S.K.: 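Quick one: structure below, then a few questions.
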Amino acid sequence: MHTGTPIQMLSLAEVCALLCKSRSGLYKVMARDPTFPRPVKDGDARSARVLFAATEFAAWQQSKLDSRNPHTSNLVTPPPGEL
């Protein structure tokens, strides 16, 4: 429910920049990840811009971070004694 506080919206270009993805790359993420926030069209026209609620996008990012398994981290740690 809306509390009267304006909701910050992110454009498609802003979301692409935040994810370091091209427009087509973002559409691929949207197609294969059912948890990705649904966009909001700014009008009825086919050419209306697509917006995303910043809070929903941030929550999606956080859920991705939270779901990482710390035992399979991509961080490279040096062998013992090589610090």
Side-chain angles (χ1 to χ4, degrees):
M1 175 176 244
H2 187 59
T3 60
T5 305
I7 297 171
Q8 182 179 5
M9 302 299 282
L10 301 171
S11 69
L12 188 71
E14 290 171 321
V15 172
C16 286
L18 288 168
L19 294 177
C20 299
K21 299 270 185 200
S22 65
R23 181 184 295 261
S24 63
L26 176 59
Y27 286 133
K28 288 176 186 176
V29 171
M30 292 168 65
R32 74 172 173 256
D33 186 349
T35 66
F36 193 83
R38 293 189 59 193
V40 176
K41 292 277 282 185
D42 188 23
D44 294 330
R46 183 176 178 190
S47 61
R49 38 182 210 163
V50 174
L51 301 169
F52 296 87
T55 53
E56 292 177 2
F57 180 73
W60 175 80
Q61 283 183 310
Q62 189 61 53
S63 73
K64 292 298 178 188
L65 291 172
D66 292 344
S67 68
R68 292 186 300 184
N69 184 343
H71 301 293
T72 60
S73 175
N74 291 334
L75 299 176
V76 177
T77 54
E82 288 190 24
L83 291 176

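Only heavy atoms go into these numbers, but all of them, side chains included; no hydrogens, no water, no symmetry mates. Owing to the predicted nature of the structure, the values given are computational and were not obtained by experimental measurement.
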S.K.: Show the atom names and distances, to 0.1 Å, of all donor-acceptor pairs under 3.5 Å that link a side chain in residues 19-26 to residues at least two apart or in another chain.
M.R.:
residue	atom	partner	partner atom	Å
Ser22	OG	Ser24	OG	3.2
Ser22	OG	Gly25	N	3.0

S.K.: Counting neighbours of CD on Gln8 that are heavy atoms of other residues, nucleotides or ligands and sit closer than 6.0 Å, is the number greater than 12?
M.R.: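 Incorrect, the count does not exceed 12.
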
S.K.: Look at atom NZ of Lys28 and say whether more than 12 heavy atoms of other residues, nucleotides or ligands are closer to it than 6.0 Å.
M.R.: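 For Lys28, atom NZ is not crowded (no more than 12 foreign heavy atoms under 6.0 Å).
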
S.K.: Give every residue pair that meets the side-chain hydrogen bond (donor to acceptor under 3.5 Å, both in side chains) criterion with at least one member in residues 45-59, sequence neighbours excluded.
M.R.: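 Found Asp42-Arg49.
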
S.K.: For the hydrophobic clusters of this structure (ILVMFWY residues joined by side-chain heavy atoms under 4.5 Å, transitively), does one cluster hold both Val29 and Leu12?
M.R.: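 Yes; Leu12 is reachable from Val29 via cluster members.
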
S.K.: Between Phe52 and Trp60, is there a side-chain heavy-atom distance shorter than 4.5 Å?
M.R.: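 Not in contact.
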
S.K.: Less than 4.5 Å apart, any side-chain heavy atom of Leu51 and any of Lys41?
M.R.: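 No. Closest side-chain heavy atoms not under 4.5 Å.
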
S.K.: Membership question, hydrophobic clusters at under 4.5 Å side-chain separation (ILVMFWY): are Leu10 and Ile7 in the same one?
M.R.: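 Different clusters: Ile7 never reaches Leu10 through Ile, Leu, Val, Met, Phe, Trp or Tyr contacts under 4.5 Å.
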
S.K.: Quick one: does Pro37's side chain get under 4.5 Å of Met30's, heavy atoms only?
M.R.: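 The answer is no; the side chains never approach within 4.5 Å.
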
S.K.: Look up atom CE in Met9 and atom CZ in Phe57, then write down how far apart they are to the nearest 0.5 Å.
M.R.: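 That separation rounds to 13.0 Å.
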
S.K.: Say you draw a straight line from CG of Leu18 to CD of Gln61; how long is it, rounded to the nearest 0.5 Å?
M.R.: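 Taking CG in Leu18 and CD in Gln61, the distance rounds to 6.5 Å.
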
S.K.: Kindly state each residue pair satisfying ring-ring contact (aromatic ring centres under 6.0 Å, His included) with at least one member in residues 8-31, sequence neighbours excluded.
M.R.: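 Checked against ring-ring contact (aromatic ring centres under 6.0 Å, His included) - neighbours excluded - no pair reaches residues 8-31.
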
